[in-house]
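Note sheet for the following structure.
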Amino acid sequence: MNNNNFGIYIHIPFCMSKCAYCSFVSKRANEAEIKEYFKHLNRQIKQESNKFKNRHITSIYFGGGTPSFVDSRYIVEVMEHLNNFYNLANDCEITIECNPCSITEQKLNDYKKSGINRISFGVQSLSDECLQIIGRKHNAKQAILAVELAKKCGFENISADLLIGIPNQTSSMLLRDVKMLVGAGVKHISAYMLMLEEGTRLYEAVCINKSISIANDDECVNMYNCAYTLLKKEGYNRYEISNFARAGYECKHNINYWQSGEYVGFGLSAYSFYDNKRIDGFNKFDDYYSFVTQGIPAESFECLNKKQQIEETLMLGLRLQKGISLKSLLNLGYDILSEKQEVISLYIKNQIIQIEDGYLKVADNMFGATNQIILNLLP
Amino acid sequence: MASRQKHIRNFCIVAHIDHGKSTLADRLIEKTGTVSSRDMSEQLLDSMELEKERGITIKLTPTRMFYTKDGVEYTLNLIDTPGHVDFTYEVSRSLAACEGAILIVDASQGVEAQTLANAYLAIDNNLEILPVINKIDLPSANIEKAKAEIEDVIGVPADLAPCISAKDGINIEQVLDQIIENVPCPNGDENAPLKALIFDSYYDNFKGAVCFVRIFDGSCKIGDKILMMQTGKTYEVTEVGVFTPNMKPCNILQAGDVGYICASIKNLLDTKVGDTITNAITPTAERLAGYKEVQPVVFSGIFLVDGSKYGDLKDALEKLKLNDASLTFSPEVSKALGFGFRCGFLGLLHMDIITERLEREFNLDIITTAPSVSYNVYKTNGDCLEVSNPSVLPPVAEIDRMEEPMVKLSVFTPPEYVGAIMELCQDKRGVYKDLQYLDKQRVRLEYVIPLGEIIYDFFDSLKSRTKGYASLDYEIIGFEKSDLVKLDILLNGEPCDALSLITHREKAYARGRGIAEKLKKVIPRQMFEVPIQACIGGKIIARETISALRKDVLAKCYGGDITRKRKLLEKQKEGKKRMRKIGSIELPSEAFMSILKTNDDEE
C-alpha cells in the first residue's frame, strides 16, 4: 500500500444498449431486475461495512454499464447507505459515469443532493458518424448539452472520455472534439485508444468480416500526440498515460489504483484490493446474489507475494507522469537501480526514462512504449 | 546346399512414400499370424511415435514370419526399408540383405520418382522384383495404367502382379504365394567361414550396440569371436536371435538367416551399416561389397532458447546419436545464440526428424539456423578446408576458389508442369540434362543442380508449382567450382553471425533483400529504430528499417480489475524470455528459421 487512500467502486451493470466495442459486464434490464440488483447491492454495502469501519473513504466511483441509465433514486439510495455505514472523508471525491443521452436535469440534481461531486461523461467522440460506428446512442449536440446541464446543476468537476482510433476518425476531428470540450469547460479529459476486444461487434466487423478498417498504430499515436499537444497548450496536464486534467482536478479514484492503493468494489463484476488481497468480482447475477444472501460461492482472491506486488507497482505506477517512487520499490525489496542497472543506464542515455526526486518515470515522448519499458524493468 | 535354406525367403518392400509399404507389411504379418491380432497396432513396424505420426518409415524393423504353402512351412524374413531420399544408403544395404523385393505401386498414382529410384537400387542389387499394385479400392485406381508404367518405365513384367488393397486386406495371399514362388531362396555355404552383412544397428541400454544381420555364409552362436572387417575390432558374441518382430534369442544363426548379434559393443559407430562380420579365428577371405561411409550432407547450428540448458542439449544429442550413427555434431559458439552444436544430417527430412525429436522427446526449446551444405574451400596458401558453417569461412582475400556439392536430380511430373519445373530448376542454377516421356502422363526431367539450392525451399517450390504432382529424387555426384559469397546480416550495424549464409554471387542480392524484408516482418518493433542490412564483404546490398515502437500500452484498469492486467503482463514477460538479445535488439527465435522461407515467389 502506497498511501492512506481508500476507494469504493460501485458497479451498475445496466445499459440502454451495448456499444459495439464494449466487452464489460452489462445488460439491458427491466425495472424489476434493476430493483432486484439494487436490493442486493445495498445489502452488500451494509453487510460488509464492518470490515471497513476504520477506513477513511477518500473516493467513490459509480461505474458501469451506465449508472445514469437507472432511475436516480437507486443511486441516491446507494449514497445513503454509503453515508450511513462508511466513514466518508470531507473531501471525498464521488464520481458517477454518465451517458450524455440518459442524463436529465432531475437526475443531476438528485446526484448533487446525494453528495456526488464529479461527473464523468462517456462522450467518446463529437462526430456523429464516429458515434454511430461504435454504436453510441447519443450525438455530438447531446454531449455538449449534457456538459452544460451538469454545470447548470452545480457540477464543476466534469470529465469527458474520448476514444482514439475510431474507424474513419482523423486528427482534425479529434482536435475539434478536444477544442469543443475545453470550450465547454470540462476540467478533465480521458483519451483512450480504442482496443478491439474479442466477442464485441466491432471486433467482428474489423477482424472477422473486415467490413470496417481501423487506424493502425502509427495513425493512432499521431492522433494521440495531436490531442496531447493541444491539451498541454490549453493547460491540461497529462498526469497519466490517458488522463489529462487542469491542476487540482486529477481523478483521485484512479490515481489510487495506479499507486497500488486499496479499494473495495461492490456489485457485479466489481474487484477489490485490500489487506494485500486481490478479490475477483462475480460475473453472473445469480452467483452475485447468492454470494450476498448466503456467502456462497466464496469469493476468489489472490494474496500478492512480493514479486507480484513489485510487478503491480511497476505496471501501474509507470503509467503516471510522476512515475514510481524508488523508495516504495526498495520497501518491497527491489533495488531496481542496481538490479536493472544496465537497462536503466541505456534508457537514461537514450532519454527513454528519467529519474527525478527519487521517482523513476517514463519520458514524455516515450509514453507509447510504456509496456515494453515495464517489461524490461520487471524483476 | 542345405535343404533348410530352400524354405527361407528374404525379401523387402520398396515404394514411393505413401504408396502403402507399411500397411502391406502389417497385412503380411497379420496374415501369417506372426503377431496376434490383439497385439496388432496400426503400422506395427514403424516403432517411433514420430514415424506413426508422419506416416513415413525412418528406421527399419525386420520381421520373421512363417507361411505354409502346399503343406510346406516357409520362413519369410521381411526387411522393411525407409522410402526417403535421405536414407538411400540404408535402403541399399537392406536390399543387399535380400533376394527379392516387392515393388509397390499406387494404382491411382503410378510410378513416382522414388519408385524408380528404389526399383533401380533393387535391380542393382540383383533382386527379383515382384510388382504389386496397391490401393485398388480407390475410385481413382487405374490398374492397367499402373501395370503399363511398371513395364515401360521400370522394365519389369507386371502382367502377373497381384492387385491388392493393403488397407482392406484384399489379395494379400497372392503376394505371399508369389514371394515363395518367385523370390529365390538363399544359397550360402553353411560350412564356410562366417560372412554376415550389417544392414542396421541400434543401441540397447543393456545389450550395447545390436547388429541386425543377414548371414550369407557360415554360422554364428554365443561365445564365437567375431571380427568387424571395416573397423578391425573383435568381440565375443553374447546373444544371437531373430525378429518375431520382437527380438527373440536363439541358439544359432546360419547361412540364409536374418537375425541379430549382440557382443557387448559399446559404441554404435563400431557397428557400421554395410560392414561385414566374420569369425575372428577363421575369417573369410573377402568381405561383402558395397560398403560406404555415410556422410552428412546438410548442416545446421542447433541452439537453445534457454541457453542455460546447454548440458541437456548435449545429452540429448548423444542419446540420439546412440541410435543414429549418421548424425554428427560438434560444439559451436555463436555470438548471437550462445553455445550450441553444429549438426550434420543426411538431408532435410533427417534434420527435421532430429530437431523434432529434440523438442518432443527431450522437451528442448531449440533454435535452428539456416541449413547449409559443406563447401570445399581452397585457400591461396594451398590449404583445403571443408566449410559447412558460414561463420568460419576464411576472409575473401585468403580464398583462392570454392567448390560446392552437386546432385543429379530427377523429377517425375505430369507433362503440363514441365515448363514450370524447368523454370524452377534454371532459377536454382540447374543444368538441364535430359527429358524423357515415360508415357503420355509422365515425364522424367533430369538436371544437375547444386545441393545448396535443393536444401533451400526447393521442395516447397516444386510442390506448389506442380500442385503436389511432381516427385523427386537426387544423388550427390561430386563437387564443382562455384562463385560463392558469404552474405552477412547486420542488425543495428552489428553482424548477427547466426543469420549469415553462403550463397552464389548471382543469388546474393535477391536473397539478401528477401531476408531483410522477412526479418522486418518477424522482428517486433523495438524501443529504437533498427536498421536491417544485408551485406557482402562490407558492401551493403539491401536495407530495411524497423521503426521504433510507438504504441504498446496496456489498456486502462477498468473497475479495478488489475489481476487480469498483471497476468497479461506476466504472459508477455514469458514471451520475452523466448527472445534472443543481439546487442540491444530483441529477436524472436523464429527469426532464425524464417529466413529460410523467403521463397522466390516473393523476391
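In the text below, chain A, chain B and the rest are named by the order of the sequence lines, each starting its count at 1.
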Take atom [atom1] in [X]; do more than 12 heavy atoms of anything else shown fall under 6.0 Å from it?
X: B:F339; atom1: CZ; value: no
X: A:Q351; atom1: CD; value: no
X: B:K463; atom1: NZ; value: yes
X: A:K340; atom1: NZ; value: yes
X: B:E359; atom1: CD; value: yes

Where on [X] is there a heavy atom nearer than 4.5 Å to chain B: the side chain, the backbone, both, or neither?
X: A:N216; result: neither
X: A:Y347; result: side chain
X: A:N365; result: neither
X: A:Q308; result: both

May I ask you to test the B:L569-A:E312 pair for a side-chain heavy-atom distance under 4.5 Å?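 In short, these two side chains do not touch, never coming nearer than 4.5 Å.
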Hey, does B:E570 have a side-chain heavy atom less than 4.5 Å from the side chain of A:L378?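 Side-chain contact under 4.5 Å: no.
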Mind checking the [atom1]-[atom2] spacing from [X] to [Y]? Nearest 0.5 Å is all I need.
X: A:N371; Y: B:L568; atom1: CG; atom2: CG; answer: 7.5 Å
X: A:K307; Y: B:R566; atom1: NZ; atom2: CZ; answer: 9.0 Å
X: B:I562; Y: A:Y257; atom1: CD1; atom2: OH; answer: 7.0 Å

Tell me every residue that passes side chain to side chain donor-acceptor pair (under 3.5 Å) with B:E544, counting only those two or more places apart in sequence or in another chain.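 Partners of B:E544 under the side chain to side chain donor-acceptor pair (under 3.5 Å) test: none.
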Dump the intermediate steps for side-chain contact (heavy atoms from CB on, under 4.5 Å) on B:M527 and A:N350, then the final yes or no. CA-CA 10 Å; B:M527 219 72 83; A:N350 289 285; over 6 Å; no
List the residues meeting ring pair (Phe, Tyr, Trp, His ring centres under 6.0 Å) with A:F52, not counting sequence neighbours, and say none if there are none.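 Partners of A:F52 by the ring pair (Phe, Tyr, Trp, His ring centres under 6.0 Å) criterion, ordered by chain and then number, come out as A:F6, A:Y274.
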Taking every non-hydrogen pair under 4.5 Å, which of A:E240, A:E342, A:H253, A:M193 racks up the most with chain B?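 Sorted descending by pairs with chain B, the first entry is A:M193.
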Could you check which of A:N243, A:T370, A:D218 has the highest count of heavy-atom pairs closer than 4.5 Å to chain B?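 Ranked by heavy-atom pairs under 4.5 Å with chain B, first place is A:D218.
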Considering all heavy atoms, the nearest B:F528-A:L346 contact: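 B:F528 and A:L346 have their closest heavy atoms at CZ-CD2, 4.1 Å.
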Please confirm whether the backbone N or O of A:P379 pairs with a side-chain atom of B:K573, one donor and one acceptor, at under 3.5 Å?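 At least one qualifying donor-acceptor pair exists.
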A:Q372 and side chain to side chain contact (heavy atoms under 4.5 Å, CB included): which single residue from B:Q526, B:K576, B:Q572 fits?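 Of the listed residues B:Q526, B:K576, B:Q572, the side chain to side chain contact (heavy atoms under 4.5 Å, CB included) partner of A:Q372 is B:K576.
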